[in-house]
Amino acid sequence: MARARQRWLPALLIPLALAVAVLFGSVQAGATVSLPPKSADEVLAMIARTEVRALSGTVEQASELGLPEVPAVGPGIAPGTASALELLTGSHTARVYVDGPFKARVQILDPMAERDLVVNGGDAWFYNSADNSATHLSVPVPSRAELRESLPSASPRPDMPTPEAMAKRFLAAIDATTEVTVGGSSSVAGRSAYRLSLNPRSAETLVDTVDIDVDAETGLPLGVQVRANGQDEPAYSLAFTELNLSTPDAGLFNFTPPPGATVTEKALPAKPVPSMPAPEPDSAVPGPDATPEAFGQADPKQHGATVSGEGWGAVVALPAGSAPAELMSSPQLAQMLQPVSGGRALTSSLLSVLILDDGRIFVGMVPLDRLQSAAAAQ
Amino acid sequence: MSAEAAGISSVATAGPGAGWALLASELSVLFRRLRTWAMLIALAAVPILIAVAVKLSSRPATPGRGPLFLDRITQNGLFVAVTALVVCVPLFLPLTIGVVAGDTIAGEANLGTLRYLLLAPAGRVRLLLVKYAGAVAFCFAATATVAASGALAGVVLFPVGPVTLLSGDTISVGESALRSLLIAAYITVSLLGLSAIGLLISTFTDVPVGAMAATIVLSVVSQVLDNLPQLEWLHPWLFSHHWLGFADLLRQPIAWTSFGENALLQAGYIAVCGALAYAKFSNKDVLS
């Protein structure tokens, strides 16, 4: 009998050892490192001075906005329409390759599919493997002098879905009422980082705090977490899970549409280099967006949008007809919307959207009643 | 029966090479069985059916609908293998693996041959290892059969050219063959956990059909659970979670993360199920 019990021993020990290894691994991943203390201003200066020109890494984006889960794939969902909505729920993984301001590639890794954006000088390609379609955009190349002026830190393109671009949008929202603190250290993608916390301290906005993990070595923002009032889990997070600061393989930025793909040519109107956009509440959740329009035209002002209010409580108003019709008529959106007086509204823990019956759209990181009063004022 | 009897007589002469002899006899018994061949032929028929159906249909497949790459088969026959693997992974492959893995110990017990196998001083641990190795060999054979028959059907029925990856880049035919091998390896690794579960269940019963059914049901249950968003915390621990992750091998550059995570997860299942199977089997009263 003793031998019989002995034989059951490995059956007990091996699962136990595995459980310990898993626990130990997760504890180690969350372990904090000790860094020399820095003030908030010093960390802000580090971000401004960052000189990372090239990187390859994997970013993970997760949204927990308290909205109903919407299937991103399934019958009756046209490719592309769900993309804007899927950013509001669920999570995404993307690989990002950047080499200077002219070359970049973003790969959104969907299950059994991939969406690619390749920017190489004046050419931008958008490729979707799900329907084997490619879109070519000719982007005017700014001169070197122009570029130096608008991008002093020679940072990667600001409209890329990197934690750096996100962080800069939130940093631009810092105003007199915002409390900026350094909340110790953290570990992101195996690198030690300072955790910079922005607290709006304004009752106008749904944002509770924004945490930005800043690489201790280079000053590159490695992750952004947005917490909403009254929610324990981060409402939105975008962070590197892998990061390599060496120059990516140049072949990655050469794209030729594969044989058999449907190719669409699009020309962008000449416009200045996309400089750091002002903090627009609706661009607070861009994430790895899916359409070439979203990559190329990060600035909603082009659609004739007007911004009322400042900083965290800003409300963006879009005129009628500025939202894509296929998005407005998609069943997923209808599922998320609730009827309110004068239109329909989407309320989440971080973001509110008000669609009026006359087609105007109001968006903001504010409670719904503020959108309604902004709509009434116009 | 005659094949099994021959196998036993060859290992009756014990020695350090007894394990290898046992493995050789196990493999020869497995692959000389009519049932094994029937399952492999059924698997080989899947890509052929897909290729013929696409060839005969007058309507071109709509991009974005149906299994992966279905719309691109007419342009490049090499996609038949990938499409067939996508179709086979959720049901057909687990079905055949369940039959082989569930039969390992229970089948011998049911036939009454387990007693004779254990008469040889090969030891129960060794028998367990040999049985598992046999199941693993079948995993590879099954996956390779689908891939090879798919490639063959594609080359015969459709034009062949450079292959487009998910990232939109194209690779040469030679490199695509290499990637197909990698995918076959990925799927073989994916099925190791299920084989270990089948082996474990097989040690608990003398009725092989019961063990087979239980293994197949578990593979379906695991996939159903993997599709419920409410159980998101459980998903990374389900053995079927990474089954369709081989698409990551079709990106440029290859994303190895899912390969590594999958291998680690399957290793965990092998360790736990292996330990439980050892405990159960070494304490088992072999009466028949």
Side-chain angles (χ1 to χ4, degrees), chain A residues 3-15 17-19 21-22 56 58 69 71 73 75 77-80 89-91 93 95 97 105 107 109-116 118 125-134 241-242 248-249 251-252 254-262, chain B residues 62-65 67-69 71-72 74-76 79 82 86 124-125 159 161-171 200 227-230 232 236-237 244-248 250-253 255-258 264 267-285:
Chain A
R3 275 198 71 179
R5 224 172 289 149
Q6 211 174 19
R7 286 182 184 131
W8 280 99
L9 209 59
L12 193 72
L13 286 180
I14 287 180
L18 284 178
V22 167
S56 47
T58 308
E69 290 274 347
V73 284
I77 295 175
T89 62
S91 57
T93 308
R95 291 195 291 187
Y97 303 90
R105 179 163 191 165
Q107 303 181 316
L109 309 181
D110 300 319
M112 312 297 275
E114 187 171 314
R115 285 165 286 168
D116 272 54
V118 189
W125 282 97
F126 178 77
Y127 177 75
N128 187 349
S129 84
D131 51 6
N132 198 18
S133 67
T241 53
E242 268 169 61
D249 179 22
L252 274 172
N254 296 330
F255 185 85
T256 30
T262 44
Chain B
T62 333
R65 300 295 292 270
L68 185 72
F69 293 139
D71 54 311
R72 266 170 257 178
T74 46
Q75 295 150 23
N76 195 334
F79 283 121
V82 181
V86 175
R124 296 189 177 198
V125 180
V163 173
T164 308
L165 297 171
L166 289 176
S167 308
D169 303 70
T170 44
I171 53 169
L200 171 62
N227 275 316
L228 295 177
Q230 285 81 3
E232 211 167 353
W237 305 102
L244 290 175
F246 62 83
D248 284 355
L250 293 171
R251 306 189 195 278
Q252 185 76 340
W256 288 105
T257 326
S258 57
L264 210 61
Y269 270 94
I270 293 170
V272 172
C273 293
L276 282 168
Y278 162 75
K280 174 66 195 163
F281 188 54
S282 52
N283 287 323
K284 190 180 173 115
D285 291 324

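Values below: all heavy atoms of this structure, side chains included; hydrogens, waters and symmetry mates excluded. Lettering follows sequence order; numbering is per chain, from 1.
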Visitor: Would you call Leu165(B) and Ser129(A) a side-chain contact if the rule is heavy atoms closer than 4.5 Å?
Guide: no
Visitor: How far does OG1 of Thr93(A) sit from CG of Asp248(B), to the nearest 0.5 angstrom?
Guide: 9.0 Å
Visitor: Check each atom of Val118(A) against the heavy atoms of chain B and say whether the ones under 4.5 Å are side chain, backbone, both or neither.
Guide: neither
Visitor: Under a 3.5 Å distance rule, please check whether Arg7(A) uses its side chain to pair with a backbone N or O of Ser282(B) as donor and acceptor.
Guide: yes
Visitor: Under the rule for side chain to side chain donor-acceptor pair (under 3.5 Å), what residues qualify as partners of Ser133(A), not counting sequence neighbours?
Guide: Asp131(A)
Visitor: Over all heavy atoms of both residues, which pair between Ala275(B) and Pro10(A) is shortest? Give the atoms and the distance, please.
Guide: CB-O, 3.6 Å
Visitor: Closest approach of Leu18(A) and Val272(B), non-hydrogen atoms and distance?
Guide: CD1-CG2, 3.5 Å
Visitor: With sequence neighbours left out, what residues match Pro259(A) under side chain to side chain contact (heavy atoms under 4.5 Å, CB included)?
Guide: Thr164(B), Thr170(B)
Visitor: Which one of Cys273(B), Gly274(B), Ala271(B), Gly245(B) has the most heavy-atom pairs closer than 4.5 Å to chain A?
Guide: Ala271(B)
Visitor: Would you say that Ser167(B) contacts Phe255(A) through its side chain, given a criterion of any heavy-atom pair below 4.5 Å between the two side chains?
Guide: no
Visitor: Evaluate side-chain contact (heavy atoms from CB on, under 4.5 Å) for Thr257(B) paired with Glu242(A), printing each intermediate quantity in order.
Guide: CA-CA 10 Å; Thr257(B) 326; Glu242(A) 268 169 61; 3.9 Å; yes
Visitor: Answer whether the closest heavy-atom distance between the side chains of Tyr127(A) and Leu166(B) falls below 4.5 Å.
Guide: no
Visitor: What pair of heavy atoms forms the shortest contact from Arg95(A) to Pro253(B), and how long is it?
Guide: NH2-O, 2.7 Å
Visitor: With no hydrogens and no angle check, is any side-chain donor or acceptor of Arg251(B) less than 3.5 Å from a backbone partner on Ala113(A)?
Guide: yes
Visitor: Mark yes or no for whether Glu114(A), through its side chain, and Gln252(B), through its backbone, hold a donor-acceptor pair below 3.5 Å.
Guide: no
Visitor: Measure Ala277(B) against the heavy atoms of chain A and call it side chain, backbone, both or neither at under 4.5 Å.
Guide: neither
Visitor: To the closest 0.5 Å, what do you measure between CG (Asp169(B)) and CG (Leu252(A))?
Guide: 7.5 Å
